[in-house]
2 protein chains.
Amino acid sequence: METESVPAAQVAALRRFNRYFTRRIGALDDHYLGQNRPLGEARLLFEIAESPGGVSLRDLRGRLGLDAGYLSRMAKALESQGLVRLSAHPEDNRLRMIETTPTGLTEVKEQNRRANALAAGLLDTLTPAQRDQLIEAMTTSQRLLRLAAITVERVDAATPDARACLDAYAADIDARFPEGFDKSDLVSPEEVSGEAGAFYVAYEEARPIACGALRRLEQGVGEIRHVWVHEQARRLGLARRILEALEQEALTRGLTVVRLDTHATLTEAQAMYRACGYTEIPPYVNHVYADHWFEKQLNNAPR
Amino acid sequence: METESVPAAQVAALRRFNRYFTRRIGALDDHYLGQNRPLGEARLLFEIAESPGGVSLRDLRGRLGLDAGYLSRMAKALESQGLVRLSAHPEDNRLRMIETTPTGLTEVKEQNRRANALAAGLLDTLTPAQRDQLIEAMTTSQRLLRLAAITVERVDAATPDARACLDAYAADIDARFPEGFDKSDLVSPEEVSGEAGAFYVAYEEARPIACGALRRLEQGVGEIRHVWVHEQARRLGLARRILEALEQEALTRGLTVVRLDTHATLTEAQAMYRACGYTEIPPYVNHVYADHWFEKQLNNAPR
DNA sequence: AGAATCCTTTGACTAAAGTCAAAGAACTAT
DNA sequence: ATAGTTCTTTGACTTTAGTCAAAGGATTCT
């Protein structure tokens, strides 16, 4: 039974919260949104307003998961109300671009104002201390819910998702290192596949948002490289999960020690490695961008 | 502008959480519910299952806010599926009672099982520590959201709501005091109205869930009596809010000192009074059920 | 150049959700 | 006893939300 590992009391608490919250807050939110307008149209209008330069119908369809015909009609309805403008895509004449008119934007802003007033009214009766506590609890909940929805998977380093992560990683650290970063320093797909190593990607709602690579260094010793987390997914504890996956992978390959190096500017990373049981060691390899070297003894303790 | 007192950042955080939560969790919940059945029917079935003895259609209509005709038809649909049984109300033949059949109950249980599995799956990827943290954060959020929805109002002590509170109060302490409690000890409506005093009731979604009385004792001195909180609304910090309302009321009446007495068995109450700035004093009145006497100096400090 | 694919529009439906008003049976107040 | 009220049922609608397939123009692949 899949619930075995999760205490029933926690499941009950989650469901209780869910029920209370959707009834109290979610319902309100839905209600204000569709003031005079069907909810579907209101949602669509909001989504369009989110992209100031305009969006293609194709993108919207993907984002909202709507049927093409349904979307086409709703767009037409919004257009006839003067809230959006439709135009051809400058480069691809199959696509249609949609964007809010000033009227549409005013409408969205007004609805946002109302939603804000509603939210403020909700917080209003609480004391400042209680409000702080509520917001903190919600922020924590959201962080953990996000984390729970993220899966870490082994993928081939040659896949577009893996390449996208490595490119983003390279861009990030190129911006951070005073000396910049050259992409040629990235691992090649062959270095982290098959016997040589492994590559892991973390996904949030099908989008790759973090990665990490494991490479066999020598007999019984692995190296962890390119641990990266998307800017908008930081502070969730995701790097730890990537590390754990890589360490687990190392163990199954009979690697009982993992090493890694890091740059002087990445102080948070260093702190994280220490917190995860890594200890600083002398240089084990002469690497251009490395200032600190770490190592961790992996013991196959029951988790 | 009504949002003035609430920082915009907090409003934004609340809305962000709301958006994320309804999209991630609320949607799931709705989805499982209507497995083969329209959502409306599923919700109705669940609501009926909540009341084991059966409910009247009238009550259901109030609870779910449905149109009478709509409800009638959905009830008939559920009946034809063998999930509920309709019968006449034993005392009022206008009303119809509805209750789940064994088949209906099985169905509800099955859906509950699925919802639990879903919730468990959600918590599954988190470490036990993270799960504890999430549940704690949600519990805190829920507590504070409930508290935010509760209003404290001055009402006449002769109203049904006030009497209901006092009756519940009397029943509660009758069960707790070894010597029992006699209702004749309750304040009379005249003692807490007009010049003589005031009565406050706390409401949660239109239901009275807490109360407290203020009575003028002598020149500049008031007495607080009958501070009670419904069993299901305890540990929200509601007693404090009742106290604050009564103290505020006292101040506006020129009472600068408030006193109260309490029974030896009510230790949490004593701790609460102390935490709210009350200090123990010698008996100021000879009262049957009193073992401890407290007093608080009210200074009109800006809040 | 032609075939295959992509994207949007349109027509033709369906199911769900809900609204409104009339009617009738049952109860309550006077 | 009667007038007014309450509650449910039924008929007759409407709106929303969505699905599916055909068709046509635009692009991409080979």
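As a basis for the values below, the full set of heavy atoms in this structure was taken, side chains included, without hydrogen atoms, waters or symmetry mates. Every chain is numbered from 1 and lettered A, B, ... according to where its sequence line falls, protein lines coming before strand lines.
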Please check the phosphate of [N] (OP1 and OP2 only) for any side-chain N or O of [X] closer than 4.0 Å.
X     : N      : value
A/N93 : D/dG25 : no
A/R61 : C/dT8  : yes
A/K76 : C/dT8  : no

Taking atom [atom2] of [N] as reference, at what distance in whole Å does atom [atom1] of [X] sit?
X     : N      : atom1 : atom2 : result
B/L64 : C/dG18 : CG    : P     : 11 Å
A/L57 : D/dA26 : CG    : C1'   : 15 Å
B/Y70 : D/dT10 : OH    : P     : 17 Å
A/L71 : D/dT19 : CG    : C1'   : 14 Å
A/M97 : C/dC7  : CE    : P     : 13 Å
A/M74 : C/dT8  : CE    : C1'   : 15 Å
B/R96 : C/dA25 : CZ    : P     : 14 Å
A/E91 : D/dT27 : CD    : C1'   : 13 Å

NZ/NE/NH1/NH2 to OD/OE distance under 4.0 Å, [X] and [Y]:
X      : Y      : value
A/E204 : A/R207 : no
B/E205 : A/R23  : yes
A/K183 : A/D174 : no
B/E79  : B/K76  : no
B/E47  : B/R43  : no

Inset, instruction - Give a yes or no on whether a donor-acceptor pair under 3.5 Å exists between the nucleobase atoms of D/dG24, that is its base, and the side chain of A/R94. - result: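 Checked by distance alone, the answer is no.
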Legend entry - Side-chain-base donor-acceptor pair under 3.5 Å for B/R73 and D/dG11: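 Counting by modelled atom types and ignoring angles, a donor-acceptor contact under 3.5 Å is found here.
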Inset, instruction - For the side chain of B/S72, starting at C-beta, report the closest nucleotide among D/dT10, C/dA17, D/dA17. - result: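 Nearest to the side-chain atoms of B/S72, counting from C-beta on, is D/dT10.
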Legend entry - Sugar-phosphate only, base, or nothing, as touched by A/D92 at under 4.0 Å among non-hydrogen atoms: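 Here A/D92 touches the backbone only, sparing every base.
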Inset, instruction - Looking at every strand, decide which applies to A/G40 at a 4.0 Å heavy-atom threshold: base, sugar-phosphate, or nothing. - result: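 Sugar-phosphate, backbone atoms only, no base.
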Legend entry - Pairwise 5' ranking along DNA chain D for B/R58 and A/D67, keeping only the more 5' one: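 Per heavy-atom nearest nucleotide, the more 5' residue is B/R58.
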